[in-house]
Structures are given as structure tokens and as C-alpha cells.
Amino acid sequence: MGTGCGQDHARPRSRTTTTSVGNGIRSYGAINISQSRRDAQRKRRPLSRDCPSPQARRRVVADLEKLGLLVAVEDRDIDLAHSDRSKTPIEPYLADQWFIRMEELAQAAMDAVTDGRVQIIPPRYAKSYLDWLSEKRDWPVGRQLWWGHRIPIWTRQFESSEEATAELEAIRQMTAAREGQLAAQREDETTVHVCVLVEGSSVERELEQRGYAQQEDVLDTWFSSALWPHSTLGWPEQTPEMEYFYPTSSLITSRDIITLWVARMVIMGLNNTGQVPFHQVYIHPKILDGYGETMSKSKGNGVDPIDVIEKFGPDSLRFGLAWLATETQDVRMPVQYECPHCQALVPQTKQNRQRPTIECPSCKKLFSTQWADAQVQRQHPRAPVVSERFEVARNFCNKLWNAARFVMLNLEGFEPRQLAPQDLALADRWILSRLATTTDRVQRALGEYRYADAMRDLYDFAWDEYCSYYVEMAKPRLADPQSRPVAQQVLAHVLDHLLRLLHPAMPFITEAIWQELARFGTHRSLQAGLRTERWLMLSQWPEADLSWQDDLIEQQFLTFTRVVSALREIRANQNIAPKEEIQFTIECREDQQQLLEPMLPFFKALAKANCTGIGSEFPEPEVPPAQVVVDGMVITVDLGKFIDIEVEIARNRKTLENVAKQIASKEAKLGNEKFVQRAPAEVVEKERQSLAQLIEQRTSLENALQRLEAAANK
């Protein structure tokens, strides 16, 4: 209320504390600064009649000054809420409101969650739901607006208490009242309210004839929205639609309307039908802009879905959003304008996001935005509003399309066949095992509303395992007439199942591929009885055939793929041309050696690499090799023919000089007794560890230089 020095800081607002303030000062005649249209015709106090609030405030100050009651006027920065639409301060308005008593209704909605009839996912959001309902505050359902459902209450004022009492008794004796079509109640000595059950009935006309007028307030938006699950199905009639669709399975929504809408739908559903409106509520994360603010049209910081579709495609938008829908936190999505002149992406900032025109930093040309309204502004081409977060999804769509084209180019002469494990190569058994594992993981993730996990599993399987590894390993087999039929069958089977699994997230591209794949017949799957229709969207969802799972083979290929990735990384770091073959060794444990030995033929196809040894105790190359450690295995690549020895000697000498300077600095620091005695023990220990690492690095560099110089002198 104030600082204790006499200042009045109270600002009535629609909050609990404000309501208490307002109730406490009613006896003193609270002033209503805001004026509604319906109040304009009523008798008002002189201060508030046709007087906007800024003028009213100035007049209050002037009156206080005239009375000698004003001590000082100071400017203060206060947290004043503004309307998102009008950008003006939100003013207080005191008015009578209609409330619904919530004691029993709230408890019933709480019980529905605590006993499991309504399950909220993730479970942590159930606490918000229960905490809010547990307060059991009465619900104000009246709104002073000019649209919406008008409150079905009819009111009449009487001259005396006796007249109101007689009228109340007369209303209760009406046939409609005895049949439950209306209910009557007296608010005070002279006011009678009648609530009518059926809108537009003859009861309303009869009340009008008796001098009643319907309330001008409309029902709260959330009151009307709370009726949606059953009112759209024909309620209160028990229609076929009501019987089939109510209650529904799931509601998917955002956390900011758990109390506004979710709780109220449960309340109204239980009260009106005796059943919950849905069995599960999935609360998805919110997509925020790059600054962590909620995307809003009024702020101008949102991504336009149409712009995203035009730039990246509808499947990229759909898959990209599912990819981001983790259950742990909200998602920040930096927003960019795409310059229509040079296609450069211009980051959207708080400074430029509401400008009508912007100059592109790249091409220096102007483009317009959604805020351009003047003709001179609209003459510039409009920039789409996009986000580069959809690049991953677009690249994935392209990868899937190209892989499907390759597979179908190699399905000529394809004849469906059932395959036994003994007919399959090691790579076939691996990809079928991974398909079964992935299908099982995706099925469970979707059932638990873990959409991001499902998309990531499908992405990793499709891109890394199917496209990058299995398709590459299948290429030489497709050229061999003996192994070609089996490779074709496995390729077709995996592609068929992959399209089914991806279809919910990427419906357009998967359907297009499906129509092309139909040229090779409808029996493409190894799963017996899997229904295949002309349209993918009507075909059967695949089940995980866990009989194909082989944990040993999956572990074998996991180790293999990690070694391949290490080899590819070395090639990239050393700028070794793709056509050049590299020689490498793998120093590993005996169990790792047993896993990798059957995979040695695949290294040449996937990494253009020839393994010259696997196990332990390999001779040191004359030229320092490139090494990387993967799961305890030391991958060593011979760089003898790929590096310029003189350049490498110069680079190592320069590095050695820098390391020597750092060692000298560390030794001087640790030789300073004041530092060692006064610095925290953990700081001193950290410096000693850093010195030990530098000395080890110096030794390694000196050994490398010796080998390089020896090789240069040969």
C-alpha cells in the first residue's frame, strides 16, 4: 500500500490483494475511473462523468493542491500492465460480477486427476492443475463485452421488499419452475433474478411480459470453451456422435492454459455429463523466439508457417516441430528475415522486428515486413519470416528422397521372397535387427508422447544406419547376380517399413515415395500379413518383429561405425582426398578384436581404408601418424604419403616453442613461494596438473620431431 510515510501507491487490479482493497473501501465510495458504454446513461459522480483517467488524475492532484493537502509530486517508474492490442495502460473497473460456487465442482475435477481418470503428461504439470483447483475460489463468469454467450439470467427491480417476495413466490409456482426449466432467487430486498435453462424458450417471452430484462453481460470465454468437448457433439441430447466420441482419448495443449481451459473442461464435463472429457492431457513445450519470449503477432516475433513451408516444405515444418518437442524444456527458435533480393538471412532483433522496412546487411537493399502499411513501404518486396532450425528437417527430407530413388533404381527384376536367417549376410541381419529395435523404440515413444525421441530414433536409423551404412554396403552386392535378390528384398523391406514409421511426421514425401514404390508390387515386407494399401495413409502401421533382434550384431556394428567415423574424421582433418586409400591399424582388446574382424572388408567401401593390423604391438610409423581413441581402441592412420614433411617439421617446431614458453611460465608461477602459500589449494593443484600435461605434450612433440627429421634425412 505504501512506504509508511503517507504516500498512496495503491493501484486496483484484478488480483486477490486488489479485490481485498476494493472491498475494504466500498463503504467510502470507491471511484470508478473507467466508464463503460452502458454506464454513460446512468447518473455518475462529477469526477468520472465523461472524464478519461489521465484527466481525472490531474484533477485529483489539482483538488488536493487547492485544499492544501498536497505535499509533493514525484515521478516514479512502476510496473504498469498494458494492453497487448491498444498498447494503453490497463485501468481498474469496479462492477458487479456473476460467480459460480466452486467447492464441489473443483473437488470433483481434482478427484478425476488424483484417481487416474485424467492423466496429465508430463506428470509434473498435474501439480499446477491440483494447486490451482485446491484454492476452490469462486469463478467469475461474467464479462462486459459485446460478443459471446449472453448470461441466461433475467432480472427485475421492485419498489418494495413485499413486492419482490410475492414475485419470487409466484415465479416458483410457475409450471416451468416445477419442471426444472428455471430457477429464481432474490439478491437483495428488491431484486429478483431468474435463470432460464433453455435459450429461446417460451419462458423467456413470459418473463419479458412480466417486466424482466436479460443481463447484458456475456459468459466468460473459458466458460463457453469449457463446454466444447460435449457441446459440439449434440449435448444435452445423447446423439450417436456423443456416444461414440465422448469422452475422447487425448487433449494436446500448452501449459499456460492448464488452469484456464483444461481444468474447466474437466469441471464442466463432469458436471454436465458425469464423465471426464478426455483420459490423457499431453502438455507440449512452447516455441519461444531467440530471446526466450513467447511468439506473438502483436510483438511481431513469430515464425510464419506459410513462409517456412514455402522455403523448407510442409514436411520440414512438421518434422522439425516434432523434432523439437522435447518434454524437458521450452524451445528457443531464433527468427530470421530472408532477404527477397539476395536470400541472405537477417536475424530478427528486438529493435527491427516491428519495423516496416529493413535494409539487408548483405546487399544493402530495402525489403518490407508484415508491418508495412504505407504505399511507399509496400513498394519493396516482402521478406519471409523463417527460422534456420528447419534446415535439419529439410536436409533429412532430401536424404530420404535420394536414398529411395537409389533403392528403386536397383529394384528392377525384384521378386518378393521370404528370407531365413541363414540366407542373410551379416549386414542384412544387422539392419533387420536395427529396424526391429527402432520400430519398438518409436512405438513406445509415441505411446508415451515422446515425439522428439521418436523423431530422433527415426532420423538416426534412416540417415546413419540405412542410408550411410547399409545402402553403401549393399552396392557391391547389387552388382553380383548371386547376392542381388537378397539385397533387393532387404532394401525394399526396410524402405517400406521406414515410410510407414515416418508417415505421421512427413506425410507428403512418404506418400509420394510410396506411390513410386508401388511399381514393384504390394508384397515388399518380410512381415507376414502386413496390410499394404494403395495409399500409405490407409496402410497398416508396422509392429516390431523382435525375432530379428540380435544384440551381439548390433554391438558389433556399433563398434564398427565408431571406427569408421573416426577414420572419416581423420581424413577430413588431414584433407586427404576421397579417392586416396589410407592404411590404418586398430590397437584394441581381444573382445573388441573379435567384434571387428568380420567387419574388416567393409572399411574399404565405407572409408576407403585398409586395415593392416588389429590387436596390439604394432611398429611405430616413420612419420608421426594421426591417432584417435574410440572406446579405448587406438586408431592409427599412416600419414607418410599425405603430408609435407618439411612443413610438418616447421609446424611442430613452432608448437614446441609455444609449449616451452607455457612451461616456463607455469614453472615460474609454481616457484613463487607467495603464490603457493596464499593461493587456494585447488588452484595450486590445477596449475601443477596443467604443467604436467604440458611437459607430456613437449615430450610427444620432441619424439615426433625426431621421427620427422629422421624421415627427412633419408
Side-chain angles (χ1 to χ4, degrees), residues 100-139 141 220 222-286 322 324-331 439-455 457 504-505 541 543-544 546:
I100 293 178
R101 188 176 292 112
M102 293 298 294
E103 180 70 30
E104 294 182 8
L105 295 175
Q107 187 60 52
M110 293 172 66
D111 293 342
V113 168
T114 54
D115 64 22
R117 282 175 289 160
V118 175
Q119 181 185 6
I120 298 179
I121 304 166
R124 66 179 181 275
Y125 289 114
K127 185 177 186 302
S128 303
Y129 174 99
L130 294 171
D131 286 350
W132 183 77
L133 283 176
S134 66
E135 296 181 0
K136 298 180 180 177
R137 295 182 181 176
D138 293 343
W139 177 8
V141 295
D220 172 17
W222 298 110
F223 183 101
S224 301
S225 300
L227 303 173
W228 183 87
H230 53 277
S231 65
T232 55
L233 302 175
W235 177 86
E237 302 297 327
Q238 188 60 34
T239 63
E241 293 80 9
M242 185 79 177
E243 183 177 356
Y244 183 81
F245 290 107
Y246 191 91
T248 190
S249 302
S250 304
L251 172 73
I252 297 180
T253 188
S254 178
R255 69 170 185 274
D256 46 8
I257 54 176
I258 293 175
T259 56
L260 293 173
W261 194 27
V262 176
R264 285 166 170 156
M265 281 191 285
V266 176
I267 288 170
M268 302 301 276
L270 287 170
N271 183 74
N272 294 347
T273 72
Q275 292 181 289
V276 296
F278 29 72
H279 296 297
Q280 293 181 319
V281 180
Y282 170 61
I283 307 299
H284 60 69
K286 293 185 67 175
L324 296 172
T326 61
E327 67 173 34
T328 55
Q329 59 187 4
D330 292 335
V331 177
T439 303
D440 183 53
R441 288 171 58 89
V442 168
Q443 185 73 22
R444 286 188 283 110
L446 293 178
E448 297 168 2
Y449 298 95
R450 292 184 289 107
Y451 299 116
D453 292 344
M455 295 308 105
D457 283 336
W541 180 261
E543 298 294 333
L546 300 182

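Scope of the values below: all heavy atoms of this structure, side chains included, with no hydrogens, waters or symmetry mates.
- Residues in residues 262-276 take part in no salt bridge (Lys or Arg N to Asp or Glu O under 4.0 Å) pair, two or more places apart or across chains.
- A donor-acceptor contact shorter than 3.5 Å is absent between the side chain of Tyr451 and the backbone of Ala505.
- Atom CZ in Phe245 sits 10.0 Å away from atom OG1 in Thr239 (nearest 0.5 Å).
- The minimum heavy-atom distance linking Tyr449 with Gln280 is given by the pair OH-OE1, 2.7 Å.
- Counting heavy atoms from C-beta outward, Ile121 and Ile283 have side chains that stay 4.5 Å or more apart.
- The two residues Thr439 and Glu543 come nearest to each other via the heavy atoms CG2-C, 3.9 Å.
- For the side-chain contact (heavy atoms from CB on, under 4.5 Å) test, residues two or more places apart in sequence or in another chain that qualify with Glu448 are Arg450.
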All N/O donor-acceptor pairs, side-chain side in residues 101-109, below 3.5 Å, sequence neighbours left out:
{"from": "Gln107", "atom 1": "OE1", "to": "Lys136", "atom 2": "NZ", "distance (Å)": "2.5"}
{"from": "Gln107", "atom 1": "NE2", "to": "Asp111", "atom 2": "OD1", "distance (Å)": "2.9"}

Evaluation steps, side chain to side chain contact (heavy atoms under 4.5 Å, CB included), between His279 and Ser250: CA-CA 6 Å; His279 296 297; Ser250 304; over 6 Å; no
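- Of all the heavy atoms in Trp222 and Trp261, the pair that sits closest is CZ3-CB, 3.5 Å.
- Atom CZ of Arg441 is surrounded by 12 or fewer heavy atoms from other residues, nucleotides or ligands within 6.0 Å.
- Note that CD1 of Ile120 is 6.5 Å distant from CG of Leu130, once rounded to the nearest 0.5 Å.
- Rounding to the nearest 0.5 Å gives a distance of 9.0 Å between CZ of Arg444 and CG of Asp457.
- Closest approach of Ala263 to Trp132, counting heavy atoms only: CB-CZ3, 4.0 Å.
- The salt bridge (Lys or Arg N to Asp or Glu O under 4.0 Å) analysis of residues 231-250, with sequence neighbours excluded, yields no pairs.
- Using a 4.5 Å heavy-atom threshold, the side chains of Tyr129 and Val281 count as separate.
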Check residues 228-236 and write down every donor-acceptor pair under 3.5 Å in which the side-chain atom is one partner and the other belongs to a residue at least two apart or another chain.
{"from": "His230", "atom 1": "NE2", "to": "Asn272", "atom 2": "ND2", "distance (Å)": "3.1"}
{"from": "Ser231", "atom 1": "OG", "to": "Leu227", "atom 2": "O", "distance (Å)": "2.7"}
{"from": "Thr232", "atom 1": "OG1", "to": "Trp228", "atom 2": "O", "distance (Å)": "2.8"}
{"from": "Trp235", "atom 1": "NE1", "to": "Asn272", "atom 2": "O", "distance (Å)": "3.4"}

Criterion side chain to side chain contact (heavy atoms under 4.5 Å, CB included) on Asp138 and Ile100, from CA distance to verdict: CA-CA 6 Å; Asp138 293 343; Ile100 293 178; over 6 Å; no
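- Residues Pro285 and Ala325 approach most closely at CG-CA, 3.8 Å, considering heavy atoms.
- Judged as a side-chain contact (heavy atoms from CB on, under 4.5 Å), and not counting sequence neighbours, the contacts of Ala322 are Met455.
- Rounding to the nearest 0.5 Å gives a distance of 10.5 Å between OG of Ser254 and CG of Leu260.
- Within the 4.5 Å cutoff, the side chain of Val266 has heavy atoms near those of the Pro277 side chain.
- Asp330 has its side chain within reach of Arg255: a pair of non-hydrogen atoms, C-beta onward, lies under 4.5 Å apart.
- Here the OG1-NE2 distance, from Thr253 to His284, works out to 5.5 Å after rounding to the nearest 0.5 Å.
- When side chains are defined from C-beta on, Met268 counts as touching Phe223, because their heavy atoms get closer than 4.5 Å.
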